[in-house]
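Take a look at the structure below.
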Amino acid sequence: MSATTNTSAPLEELAWRELLHQHTDGLPAAFAAGQVTAYVGFDPTASSLHVGNLVPIMGLVHLQRAGHRPMALVGGGTGMIGDPSGRSSERNLQDLDTIRANAEAIRRQLAKFLDFEGPSAARLVNNADWLCSLSLIEFLRDTGKHFSVNYMMAKDSVKSRLENGISYTEFTYMLLQAFDYLELHRREGVTLQMGGSDQWGNITAGLELIRKAQGGDAHALTFPLITNADGTKFGKSTGGGSVWLDAERTSPYQFYQFWMGADDRDVSRYLRFYTLMSREEIEALDEAVRSDPGKRAAQRALAYDVTARVHSPDAARAAQEVSALLFERADPAGLSDAALTALRSEIRFAAYAPVAQPAMDEVDVLHALQLLGLADSRGAAKRLLEQGGISVNGEKLAQPTVRHDRLLRGRHLLIKKGQREFGLLHVP
RNA sequence: GGUGGGGUACUCAAGUGGCCAACGAGAUCAGACUGUAAAUCUGACGGCGCAAGCCUUCGAAGGUUCGAAUCCUUCCCCCACCA
């Protein structure tokens, strides 16, 4: 991750990666003129970022690699208001302690992507530092005065909500974001704000404020909205939940698997968006997808690269090994104790605790499926079994019990639900 | 505060006294086909149960009735318009 001195590079880099949605006209000149300090805001609505936040994060990374200064703003203050952009309904407000804790957790995650040393050292700021002490009168005089209601109503984020209603609080959100930009412009010399394409309206409100309040010149850049080829929303795991960057919420193995499952039609784009691989490397993988898609070379490279960056190279290698054990090994009977221990921390794991033992030397698999969280109820587990969706130790299961003599190493069962969900059961 | 419209399972959305665990669609899950892909086809999709069946659900609480998601009363919430 060495910083170069080519200050005009980021736009070209973002362009070939198809990460450029729109930007203000003067931006190329600003990059060419010298080091630019740019920021992206992150909402502390959860205690972890998720893969949907990766594009703006990578935007900061590319900027830094080109010798500019990245800054991440955690919305500890604005998070208490709620951004109406891209939402059809009013947000629920979260309490202060939660937001504070979330902001801190997000800070730690961002720290993994950016370099905090050197001439283009990254910085992290929290807008709670200036918004929470801002007085209403001061805000209305110095900021509100610069915006007409007409201007605000014309913004998409507001316009789309007029039908169903928008609170005064959320209506004001864009002014707070504009205020942030002005504040950072003054304090830190920030001249670029980046964000998702739905942020364009809020960002340009900031440009407006900087120009009117200060006569300053600043820029905007937005990233495209990431879509999946099949029309579903990017960033949902097969279970439907978000894919988080926090290892506690989404294990490195699950994270790795999320990328392994990328659609052929998406994987080339994702390599561009989410890895730092060179154009040549990526084009070679594109070719691999065309000539031998079954090998999944691009998915493997994508999964390893992103997992290594978000978690660690060690975690990525472990995920790789576990994936090989689970998906490429014909006979789980030969798994060593060490392999079983490795599996235990990567896939669903539960200790078998029978409610009503069917027989002394048998395991009630329906109950085990519930213990492992692979089925919500006994009825659901039964349906899975009836439909042939359950395998134990690599063999399709036909009856709801398994004899003890089939336990791996005398004490484990490797249970598979469907094509790719695994659980390890420990039988005491 | 007034008037009108609305709150049905994960989401959208039918249903206006029994045929309703509740049409349909999407999402989700599984099977076949495959490549841990896509598309397609098939099945499942409140809980318990081998089953018959039982239990819990239609904003909340009461009531009418042999019987309610459907009728009545009160309350809560959302939306629109008016004040």
Side-chain angles (χ1 to χ4, degrees), chain A residues 87-93 160-167 170 227-243 251 253-271 285-286 288-304 306-307 319-330 332 343 346-348 355-356 358-359 364-367 369-370 372-392 394-401 414-423:
Chain A
R87 287 188 62 100
S88 55
S89 58
E90 190 83 6
R91 279 172 196 270
N92 294 321
L93 296 181
S160 63
R161 286 280 296 280
L162 289 180
E163 189 95 341
N164 293 319
I166 178 170
S167 69
E170 285 197 16
T227 54
N228 285 335
D230 61 9
T232 57
K233 193 175 176 188
F234 173 78
K236 297 292 177 200
S237 68
T238 48
S242 288
V243 178
S251 76
Y253 163 75
Q254 290 173 308
F255 188 82
Y256 179 90
Q257 281 293 319
F258 166 74
W259 299 100
M260 270 301 279
D263 193 308
D264 288 354
R265 295 169 294 176
D266 289 323
V267 69
S268 293
R269 289 162 58 235
Y270 294 171
L271 283 165
L285 288 167
D286 290 351
V289 173
R290 269 191 297 274
S291 59
D292 191 0
K295 226 173 157 187
R296 310 180 71 77
Q299 280 89 343
R300 287 171 202 277
L302 174 69
Y304 179 83
V306 183
T307 308
Q320 230 174 11
E321 280 163 26
V322 167
S323 298
L325 281 182
L326 295 175
F327 290 97
E328 281 151 38
R329 185 185 192 87
L343 281 179
E346 297 292 341
I347 62 179
R348 291 166 182 275
V355 206
D364 176 2
V365 176
L366 297 184
H367 185 236
L369 285 165
Q370 283 180 86
L372 288 164
L374 291 173
D376 289 334
S377 65
R378 198 176 173 84
K382 229 189 77 191
R383 281 193 296 272
L384 280 169
L385 189 74
E386 280 166 358
Q387 294 183 124
I390 300 301
S391 304
V392 168
E395 284 174 39
K396 197 153 277 190
L397 192 67
Q399 67 290 97
T401 55
L414 182 62
I415 301 180
K416 179 164 88 150
K417 172 203 157 199
Q419 294 302 311
R420 41 150 92 171
E421 276 205 85
F422 291 88

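For the numbers below, each heavy atom of this structure counts, side chains included, while hydrogens, waters and symmetry mates do not. The sequence lines fix the lettering, A, B, ..., with proteins before strands; numbering per chain opens at 1.
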> Which is it for Q320(A) and Y304(A) under the side-chain contact (heavy atoms from CB on, under 4.5 Å) test, yes or no, and what are the steps along the way?
Replying inline: CA-CA 7 Å; Q320(A) 230 174 11; Y304(A) 179 83; 3.5 Å; yes
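A close approach under 4.0 Å does not occur between any side-chain nitrogen or oxygen of S377(A) and OP1 or OP2 of G46(B). Contact check, K382(A) against A51(B): a side-chain N or O comes under 4.0 Å of OP1 or OP2.
Between F234(A) atom CZ and A27(B) atom P there is a gap of 19 Å when expressed in whole angstrom units. Atom-to-atom, CD1 of I390(A) to C1' of C29(B) comes out at 11 Å; the value is rounded to the nearest Å. The interatomic distance linking Q370(A) (CD) with C48(B) (P) rounds to 6 Å, in whole Å. If you measure from atom CG of L385(A) to atom P of C29(B), you get 19 Å, rounded to the nearest angstrom. In this structure, F422(A) atom CZ and A30(B) atom P are separated by 12 Å, rounded to whole Å. Put simply, CD on E386(A) is 10 Å from P on C50(B), counting in whole angstrom units.
In this structure, L414(A) and L326(A) have side chains that are in contact, with non-hydrogen atoms separated by less than 4.5 Å.
The ring of F234(A) has its center closer than 6.0 angstrom to the ring center of F258(A).
Atom CZ of R383(A) and atom OG of S377(A) lie 5.5 Å apart (nearest 0.5 Å).
Nearest-nucleotide assignment on RNA chain B puts the 5′-proximal partner with G389(A), out of G389(A) and D376(A).
Nucleic acid contact for K396(A): sugar-phosphate only, since backbone atoms but no base atoms lie under 4.0 Å from a heavy atom of the residue.
Base pairing annotation: A44(B) forms a Watson-Crick or G-U wobble pair with U28(B), both donor-acceptor distances under 3.5 Å.
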>> Base contacts versus sugar-phosphate-only contacts with protein, heavy atoms under 4.0 Å: please encode nucleotides 35-45 of chain B as B, S and - from 5' to 3'.
In response: BBBS----BSS
